[in-house]
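Here is the structure we will look at.
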Amino acid sequence: MSVAHVDDDEEIQNPGEVYHVQKFFDNEDIYMGQWAHNCPNGHGKYLWADGCMYVGEWYKGRTNGKGKFSWPCGATYEGQFKNGYLDGEGTYIGSSNDTYRGDWVYNMKHGKGARNYANGDHYEGHWRKGQPNGKGRYQWDNGDQYIGHWRRGKMNGNGTMIWANGNRYDGCWENGLPRGNGTFRWVDGSFYVGVWSKEPREQSATYYPSDSQTGGLDWDPQEVYLVSLSDCRISHGEDIYVFPSQKTLNWPCEGDGKENDLRLRKASVGGYSLGSESDLSFDCGSECLGSGRKIDEGMVAKESDMLRGYRRPHIIIKPTKKQGLTISKGHKNYELMLNLQLGIRHSVGRFAPATSLDLKATAFDLRDKMWTRFPPEGSKHTPPHQSCEFRWKDYCPLVFRTLRKLFKVDSADYMVSLCGNDALRELSSPGKSGSFFYLTNDDKYMIKTMKKSEVKVLIRMLPAYYNHVRAYENTLVTKFFGLHCVRMSGPGQKKVRFVIMGNLFCTEYAIHRRFDLKGSSHGRLTEKPESEIESTTTLKDLDLNFIFLLQKSWFHQFCSQVDQDCSFLEQERIMDYSLLVGIHFKEISHSGEPLNTRANASEVQPPIGNGDQTSEGAAPCLDVLVNTNWWASVRLGSSMPAQAELTVRRNNGESLLVGEPTGECYDVILVFGIIDILQDYDISKKLEHAYKSFHHDPTSISAVDPIQYSQRFRDFIFRIFSLDI
Ligand code: ATP
């Protein structure tokens, strides 16, 4: 790779090429190194005006890869970075020799790691979100040590405490204290075994003297709580006070929608005042273990506190509502609905020989398209009806019949849902395309009216779509079940084309929040205050205040499926699609308030019976024990257990796409899928792109070409979905 050198005041001719630059920013930051696409890319060194420094790899303006970050106090971190975060393996050495060597995720100690505290204490084991969690050994500098299980920075579960004098306690722990069955042994061989509790009246155990001992026990087990455990304090250690991800950067990073003018940007980009920040140190987050033994609460609280200055975020969950307005007699679309139902009944109910999944090319041919006339008095092929006369057309009926078979939709059930006695519900135009949306009364199917151009796209891509959904059982792309057109008789009546698809939100869980996510920032904010967000409000990218943590097997499946689906859409030159995500919060009260927030992931438990998605004021969703049907219903994107971690945007009017994680997690069930896949990159999009590029950062607008679109979409999705370790 050839790298051209460019001085600070020289203009870069081709932003796509890699240059070697020296940049002196107005806020006195300095960057020296490789530069492409208007930001650091490759190897480079960045010096913040407050004395912090990063030397290492960059990708699209973010610290990414191997690097070293140093603070003016002398502390350093050397290791892996990802997307601006300490992430991967790395070593932190504090100014007072407090060190941590191990795994990091999102700036937090997470995974396996060893920490030496400045006072000589040492912990080695598992970490979760900055705290000892899982198996680990803590060694105090006075020689005491604990080997066993931890939870959220406290001894919890089975573990052994060995004091420097040789005495030991083996048994159960809860919240940092012996609790439950356990044995205390003296070095001389005597032991005391039974049930332990800090409450003297709950303590019940038997003393067994050693051979050398005579006489009874002159010892109170509460001494363990009052004396033995009070000796050693766990050091807080030293904390990192400014993380790279929270440092001000002088260029826009992909997806954050910042303006591109490097020269004019000031240090206030991230809302962080660096000068004052560098003077800060943290000594919070400690708690007492027993009487006086201090335990390190770890980084979680502290790292969340890094976001201080922002109001603690919280979510308000409102009861779920039935969506849409029932189309009854008198509604302007009443006749249209009747016609749709008559037409679908005619198409689906028609006798058809058993279909094979191997379709011939002629099945996709449009030449056999036929209009069927539906006179009110009936005809040879159509029943009499109460609506006005209309004509009806089915597109590729055999293909959709086979798709329904592939998607395991029973024809009789399909007809009952769509053309049974229940009326459809019309949604109040949720999209900006002008399409109308209708829902069947049982919520299973969604009908969307379409433009002629969208029908053309669907027909064009139908063979590839068919092959894709056939090849990938877990595909996230919308399931299409039928494509039809109605033309009512009479002057001025237009054709209404519509597609029938699966309603993603048809699950046994009440959906409390929904997000339509594209990975772009332009126009992607609903601007609704939290109090006005209803369960049916479709929120967008800039409203997103969660990242989603998936269990390992789901996560890998998810990533590979998103890749497959995006490649398919890219090949079909499709763009503008969204990932529609519905969230069900598992711990919700009658009033819709969350009952509980969790800082740790827990095992997923299935619901009993059906959560009532459609009732006014959803029932409390209590999780209870195993319901085998539930497990069978869990599929990628449908009723998937996950954790949703609340994020905050350090808001200075900046349109950051992904906020900083707060450590506040909720047990959730997720449903998601890729929708709106019928927009191809036609001339009008090219024009729109050319026009908008004059006014906005071209990467922030949604109309980019399909390859860029898919790349940006994936990048974003892989930032908001991550592995729950
Ligand atoms: P836009 O042009 O604004 O992207 P559009 O008119 O093309 O919108 P869609 O993006 O297809 O419409 O859908 C708009 C909204 O309708 C979505 O944000 C979602 O709330 C709802 N919706 C669309 N498809 C589905 C589906 N399959 N299941 C559930 N809800 C859906």
Side-chain angles (χ1 to χ4, degrees), residues 320-325 403 407 409 417-418 424-440 442-455 457-458 465 469 475-483 496-507 509-528 533-544 565 569 574-584 613-614 637-639 670-682 684-685 688 692 701-704 709 713:
T320 49
K321 283 189 187 151
K322 201 167 180 116
Q323 220 185 337
L325 185 76
L403 278 171
F407 296 139
V409 172
S417 296
L418 284 151
L424 303 175
R425 278 176 286 134
E426 187 175 67
L427 305 188
S428 52
S429 189
K432 67 173 170 5
S433 68
S435 293
F436 287 92
F437 288 83
Y438 302 95
L439 264 182
T440 57
D442 60 6
D443 283 318
K444 284 188 181 162
Y445 302 100
M446 200 164 213
I447 300 170
K448 180 182 178 183
T449 62
M450 300 170 83
K451 292 195 212 92
K452 193 174 176 182
S453 59
E454 290 175 314
V455 173
V457 172
L458 181 51
Y465 172 84
V469 296
T475 178
L476 297 170
V477 297
T478 311
K479 290 190 168 67
F480 293 123
F481 301 115
L483 181 62
V496 182
R497 301 169 181 87
F498 59 92
V499 67
I500 300 171
M501 55 193 180
N503 172 17
L504 265 179
F505 296 139
C506 177
T507 91
Y509 296 94
I511 298 298
H512 300 116
R513 277 289 150 94
R514 50 185 78 186
F515 290 94
D516 179 306
L517 305 169
K518 291 185 193 287
S520 70
S521 57
H522 184 66
R524 305 296 297 160
L525 181 71
T526 54
E527 286 177 18
K528 283 209 186 227
I533 299 173
E534 302 288 337
S535 62
T536 49
T537 311
T538 304
L539 298 162
K540 299 186 185 170
D541 303 57
L542 292 177
D543 302 304
L544 183 68
D565 290 343
L569 295 169
I574 301 294
M575 40 181 290
D576 252 6
Y577 43 89
S578 315
L579 185 79
L580 188 63
V581 181
I583 311 177
H584 164 84
Q613 184 185 350
T614 50
S638 108
S639 307
L670 295 182
V671 286
F672 49 81
I674 299 176
I675 61 155
D676 203 8
I677 59 165
L678 299 177
Q679 194 74 249
D680 73 355
Y681 190 57
D682 61 11
S684 65
K685 278 287 162 190
E688 182 192 1
K692 284 187 177 168
I701 60 181
S702 81
V704 290
Y709 190 89
F713 179 81

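Remember, predicted model here, so these are calculated numbers, not experimental data. Each ligand, and each atom within it, is numbered from 1 in the order the structure gives.
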Can you find a pair of side-chain heavy atoms, one from [X] and one from [Y], that are under 4.5 Å apart?
X: R514; Y: L504; value: no
X: M501; Y: F437; value: yes
X: L403; Y: Y465; value: yes

> Which of the listed options, F437, F436, F515, holds the heavy atom that is closest to atom 14 (C) of ligand 1?
Replying inline: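 Selected option, by shortest heavy-atom distance: F437.
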Would the distance check show the side chain of [X] and the main-chain N or O of [Y] forming a donor-acceptor pair, the cut-off being under 3.5 Å?
X: D565; Y: L476; answer: yes
X: T475; Y: V469; answer: no
X: Y709; Y: Y577; answer: yes

> Is ligand 1 under 4.0 Å from a heavy atom in the side chain of L580, in the backbone, in both, or in neither?
Replying inline: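 The part of L580 near ligand 1 is the side chain, not the backbone.
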> What part of I675 sits under 4.0 Å from ligand 1 if we count only heavy atoms: the side chain, the backbone, both or neither?
Replying inline: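 Only the side chain of I675 comes within reach of ligand 1.
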Does [X], backbone or side chain, put an N or O under 3.5 Å from an N or O of ligand 1?
X: D516; value: yes
X: T538; value: yes
X: F505; value: no

> Salt bridge between D443 and K322, side-chain N to carboxylate O under 4.0 Å?
Replying inline: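 Judged by the 4.0 Å cut-off on N to carboxylate O distance, D443 and K322 do not form a salt bridge.
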>> Any carboxylate oxygen within less than 4.0 angstrom of a Lys/Arg side-chain nitrogen, looking at R513 and D543?
In response: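 No salt bridge links R513 with D543.
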State if [X] counts as touching ligand 1 under the rule of any non-hydrogen atom under 4.0 Å.
X: K518; value: yes
X: R514; value: no
X: K448; value: yes

Which of the ligand 1 atoms, numbered from 1, are nearer than 4.0 Å to a heavy atom of [X]:
X: N503; result: 28 (N), 29 (C)
X: M501; result: 24 (N)
X: G502; result: 26 (C), 27 (N), 28 (N)
X: L504; result: 26 (C), 28 (N), 29 (C)

>> What verdict does the side-chain contact (heavy atoms from CB on, under 4.5 Å) test give for L678 and F480, after you've listed the backbone C-alpha separation in whole Å, the side-chain angles of each residue and the deciding distance to 0.1 Å?
In response: CA-CA 11 Å; L678 299 177; F480 293 123; 4.1 Å; yes
